[in-house]
Enquirer: 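A single structure is presented below for examination.
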Number of protein chains: 2
Amino acid sequence: MKSKITLKDIARELEVSISTVSKALKNSEEISRDTKEKVQAFARLYNYKPNNIAISLKNKRTKNIGVVIPDIVHHFFTTVIRGIEKYANAKGYNVIVCLSEESFDKEVINMEMLANGSIDGFIMSLSSETQAKKDFNHLKEVMEQGIPVVLFDRITNEIDCDKVIIDDKLGGYLATKKLIEQGKRKIALITTDDYLSVSKARGQGHRKALIDSGLEVDESRILKLPTMEMDEERIRSFFDSIEFDAVLCVNEIFAVFSMRVALEKGLKIPDDVAVIGFTNGLLSKYANPSLTVVAQHGEKMGEISAQMLIDKVESEKEEETFQTKILEPTLVVRDSTIN
Amino acid sequence: MKSKITLKDIARELEVSISTVSKALKNSEEISRDTKEKVQAFARLYNYKPNNIAISLKNKRTKNIGVVIPDIVHHFFTTVIRGIEKYANAKGYNVIVCLSEESFDKEVINMEMLANGSIDGFIMSLSSETQAKKDFNHLKEVMEQGIPVVLFDRITNEIDCDKVIIDDKLGGYLATKKLIEQGKRKIALITTDDYLSVSKARGQGHRKALIDSGLEVDESRILKLPTMEMDEERIRSFFDSIEFDAVLCVNEIFAVFSMRVALEKGLKIPDDVAVIGFTNGLLSKYANPSLTVVAQHGEKMGEISAQMLIDKVESEKEEETFQTKILEPTLVVRDSTIN
DNA sequence: TTGTATGCGTTATCAC
DNA sequence: GTGATAACGCATACAA
């Protein structure tokens, strides 16, 4: 086992000083061609690579980005990670992924773990517990230490930082409008409690579309689940309790499951019931029938988040100007609505 | 902005030496109660936390694990990450995720990036390009440097290291047996070229089940796609070209899509055509009809991988004994096969 | 052109 | 009980 070679090793072997080696490897003008060639050849031969940790300590830059998300199994977050990874990697950064699993405590622990020098900045989406609790001290502390934070998707207005979201209200609006245009009048909404920022906004868009079209908002057609967790029982009994000719859901799982319930009831999709979900994932694409969704452009969101963060990290100036990027949601029309 | 406080800061403030502070915070016996209390109180007040990077440099231990996988959108890898994260986090490790995106070059670059001190060990699944090329020098080099590696799922026999896989051959066998037991005789197989270790093994299991049951292996009923990428065209035309009453697919996407094609042909599932896939993901669960699959237990696989890696990392002794853990696949029976 | 000294933040050894 | 010093690996200002 040949352990990693260091500057010191090279210096010893070649009987020069460490700094000479360091400079030679950087092709410094100060060093003679002879020495440079000798050192570089030796370094190449032994495959010298500088130790990242030492460089981090010196530069106070780790070239690591901490990504804290509630969940990795939901397709949306997966695509965001991919976007972050793509951009970050191209810029020479690594991505450390931590899962809060919707738990406030885990979110706090993860952030503390990373904030002690392991990363240059955070990209995160709040856990549902955090949004419910409205306790953002862990974010404030991190920011006070000068660590930049970019929030995406599940954000809060109580923290001043860069943010990337899609216009969820518009998403809810577009989807509902689409259903109305197709002649649907009894549109059900399956969402979560309002503390989740995205659900709230989507619900508002839904409501606005109804009102704009002169339809009444029937609260009994709205099912608010406590979390994004699937609850087959409640969704089933919800559908048993109402009349509906369309369903809008805040994620694709609820939507696909709604289609199953509808099919089981002998209803035809999209003629008897049209269904729209959020998140343009595999599920939507390969469901039978395929699902019309509001695409959230997760990968794009990840790229933008990474870009904003890295810009902040690498900008010398300590300008405290934060921006919120709002992406446009897109309706991806498939077979669960009428074409 | 109050930047992070260091030992030096505390020492200066309290007018003691850095080493005294360090020892006091570790509750060393050498230090007087008075000093300890003073120092600890001060540290608590200013929320002192040791700098991870400095500790890493000192200990030559980063408490980071590098995870290199081909893809993050496939549900299987997602669950593995979750398993790794879970175990690693509990042990105080962070997880750095790098995506090779099935590219050999990216895999190499990512590993080199991490191998220079950023991580204590690797958990990885080979990219398809790497499996096709059979070039594993990047793995060898890393291991020669004394960095432990755990391979999971997509492995190779050419590298001696810890491995975690499921018995893919058994998985293919079980699935095929199941179909045969249900009276299916014209079983199609949608897989990839043999260079992908898992596909090859699954195909072998499939073949063995056919032979064991006295059925002939009809090569025309086997479609080998170049990669795990979806190719709707080829799958469609494949189904146009053969007679079949069942389909086994090496992933859930192929399987769900096969169901769609069958449905479009007016075939009934599972009576006219039974379908089984690999990977017990959301897609399988929420597809209509729901899909019978061979579960790969990704989360378990992740946990075991992390455990094996961390054991290696933390074991002082340099024993070069490697083990391969083989998990049992499980058939999860749903509506795409006859109950 | 090369080398010395210093520092990044921490810990450990040894001296006082 | 406390503190000075060296070391982890590297970079750089400053000497020589």
Side-chain angles (χ1 to χ4, degrees), chain A residues 2-40 42-43 46-64 114-120 145-147, chain B residues 2-40 42-43 46-64 114-120 145-147:
Chain A
K2 49 169 188 194
S3 203
K4 276 256 134 176
I5 193 175
T6 70
L7 287 186
K8 197 198 251 182
D9 300 326
I10 302 182
R12 191 173 357 88
E13 260 349 274
L14 263 41
E15 300 188 300
V16 292
S17 77
I18 295 180
S19 49
T20 303
V21 177
S22 174
K23 288 173 190 164
L25 289 176
K26 296 200 123 52
N27 239 320
S28 160
E29 292 303 327
E30 301 179 33
I31 307 294
S32 72
R33 268 197 33 181
D34 260 24
T35 320
K36 279 199 280 196
E37 279 172 9
K38 198 173 55 174
V39 170
Q40 289 172 4
F42 190 91
Y46 285 93
N47 192 29
Y48 169 80
K49 293 278 169 50
N51 179 309
N52 290 332
I53 299 291
I55 292 181
S56 295
L57 184 59
K58 182 116 247 289
N59 298 348
K60 292 161 164 283
R61 283 280 184 74
T62 62
K63 288 252 173 183
N64 286 157
L114 294 179
N116 298 317
S118 299
I119 51 91
D120 295 339
Q145 287 169 27
I147 303 178
Chain B
K2 49 169 187 195
S3 202
K4 276 256 132 175
I5 193 175
T6 69
L7 288 184
K8 198 198 250 181
D9 299 327
I10 302 182
R12 190 173 358 88
E13 256 356 91
L14 263 40
E15 300 187 300
V16 292
S17 77
I18 295 181
S19 35
T20 303
V21 177
S22 175
K23 287 172 191 164
L25 289 176
K26 295 199 126 52
N27 239 319
S28 160
E29 292 302 327
E30 300 179 37
I31 307 294
S32 72
R33 269 200 30 184
D34 260 23
T35 320
K36 279 199 278 197
E37 279 172 10
K38 198 173 56 172
V39 170
Q40 290 173 4
F42 191 91
Y46 284 94
N47 192 28
Y48 169 79
K49 293 278 168 50
N51 180 310
N52 290 332
I53 299 292
I55 291 182
S56 295
L57 184 59
K58 186 116 245 294
N59 298 348
K60 291 159 166 285
R61 282 279 183 77
T62 62
K63 287 252 175 184
N64 287 156
L114 294 179
N116 299 316
S118 298
I119 49 92
D120 295 338
Q145 288 170 28
I147 304 178

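Keep in mind it's a predicted model, so treat the numbers as computed, not measured. Throughout, a chain's letter reflects where its sequence line sits, starting with A, and its residues are numbered from 1.
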Enquirer: Specify the separation, in whole Å, of atom CG of L14(A) and atom C1' of dG3(C).
Expert: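 Atom CG in L14(A) sits about 15 Å away from atom C1' in dG3(C).
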Enquirer: Whole angstroms only, please: what is the NZ-P distance between K49(A) and dG9(D)?
Expert: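 To the nearest whole Å, that distance equals 17 Å.
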Enquirer: Can T20(B) and T35(B) be said to form a side-chain contact (heavy atoms from CB on, under 4.5 Å), step by step?
Expert: CA-CA 8 Å; T20(B) 303; T35(B) 320; 3.9 Å; yes
Enquirer: Search all heavy atoms of K36(A) against all heavy atoms of I31(A) and return the closest pair with its distance.
Expert: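 Shortest heavy-atom separation between K36(A) and I31(A) comes out as CE-O, 3.3 Å.
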Enquirer: Expressed as a whole number of angstroms, how long is the span from E37(B):CD to dG1(D):P?
Expert: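 Atom CD in E37(B) sits about 14 Å away from atom P in dG1(D).
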Enquirer: Check this one for me: any side-chain N or O of K60(B) less than 4.0 Å away from OP1 or OP2 of dG9(D)?
Expert: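 Indeed, a polar side-chain atom of K60(B) lies that close.
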Enquirer: Just by distance, do the side chain of S56(B) and the backbone of N52(B) share a donor-acceptor pair under 3.5 Å?
Expert: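 Checked: pair present.
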Enquirer: Which is more 5' along DNA chain D, the nucleotide nearest T6(A) or the one nearest E29(B)? Just name the residue.
Expert: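 Residue closer to the 5' terminus by nearest nucleotide: E29(B).
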Enquirer: Base, sugar-phosphate alone, or nothing: which one does T35(A) contact when heavy atoms must sit under 4.0 Å apart?
Expert: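 Sugar-phosphate, backbone atoms only, no base.
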Enquirer: Just call it for I31(A): base, sugar-phosphate, or nothing, with non-hydrogen atoms closer than 4.0 Å on any strand.
Expert: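 I31(A): base contact, heavy atoms under 4.0 Å.
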Enquirer: I need the CD-C1' distance between E30(B) and dT11(C), as an integer number of Å.
Expert: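 Whole-Å distance recorded here is 12 Å.
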Enquirer: Using modelled atom types and a 3.5 Å cut-off, is there a donor and acceptor pairing between side-chain atoms of K4(B) and backbone atoms of N116(A)?
Expert: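 No: the side chain of K4(B) does not pair with the backbone of N116(A).
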Enquirer: Are any of S17(B)'s side-chain N or O atoms less than 4.0 Å away from OP1 or OP2 of dG3(D)?
Expert: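 Checking S17(B) against dG3(D): at least one side-chain N or O falls below 4.0 Å of OP1 or OP2.
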Enquirer: Expressed in angstrom and rounded to an integer, what is the separation of K26(B) atom NZ from dA12(C) atom P?
Expert: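 Rounded to the whole Å, the gap is 6 Å.
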Enquirer: With DNA chain C as reference, determine whether A54(B) or K23(B) sits nearer its 5' end, using the nearest nucleotide of each.
Expert: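 The residue closer to the strand's 5' end, by nearest nucleotide, is A54(B).
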Enquirer: Can you tell me the distance, in whole Å, between the CD1 atom of I5(A) and the P atom of dC10(D)?
Expert: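 Between P of dC10(D) and CD1 of I5(A): 10 Å.
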Enquirer: Within less than 4.0 Å of OP1 or OP2 of dC10(D), is there a side-chain N or O belonging to Y48(A)?
Expert: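 It does, given that an N or O in the side chain of Y48(A) lies less than 4.0 Å from OP1 or OP2 of dC10(D).
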Enquirer: Is any side-chain heavy atom of I5(A) closer than 4.5 Å to one of F42(A)?
Expert: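 Touching, per the 4.5 Å side-chain cut-off.
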Enquirer: Using atom CD1 of I18(B) as one end and atom C1' of dG9(C) as the other, report the distance to the nearest whole Å.
Expert: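 These atoms are roughly 8 Å apart.
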Enquirer: Need one value for L57(B): base, sugar-phosphate or nothing, where a base atom within 4.0 Å counts as base even if backbone is also close, heavy atoms only.
Expert: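 Since a base atom lies under 4.0 Å of L57(B), the category is base.
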Enquirer: What's S22(A) touching, base or sugar-phosphate or nothing? Going by heavy atoms closer than 4.0 Å.
Expert: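 Here S22(A) touches the bases of the nucleic acid.
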Enquirer: Please report the distance, rounded to the nearest Å, between NZ in K63(B) and P in dT10(C).
Expert: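 Rounded to whole Å, this separation is 17 Å.
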Enquirer: Report each atom pair, protein N/O against N/O of nucleotides 5-7 of chain C, whose distance is under 3.5 angstrom.
Expert:
from   : atom 1 : to     : atom 2 : distance (Å)
dG7(C) : N2     : K58(A) : NZ     : 3.1

Enquirer: Of the non-hydrogen atoms in D120(B) and T62(B), which two are nearest, and what is the gap between them?
Expert: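 Heavy atoms of D120(B) and T62(B) come nearest at OD1-N, 2.8 Å.
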Enquirer: Can you name the side-chain contact (heavy atoms from CB on, under 4.5 Å) partners of L57(B), sequence neighbours left out?
Expert: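 Expected list: I53(A), A54(A), L57(A).
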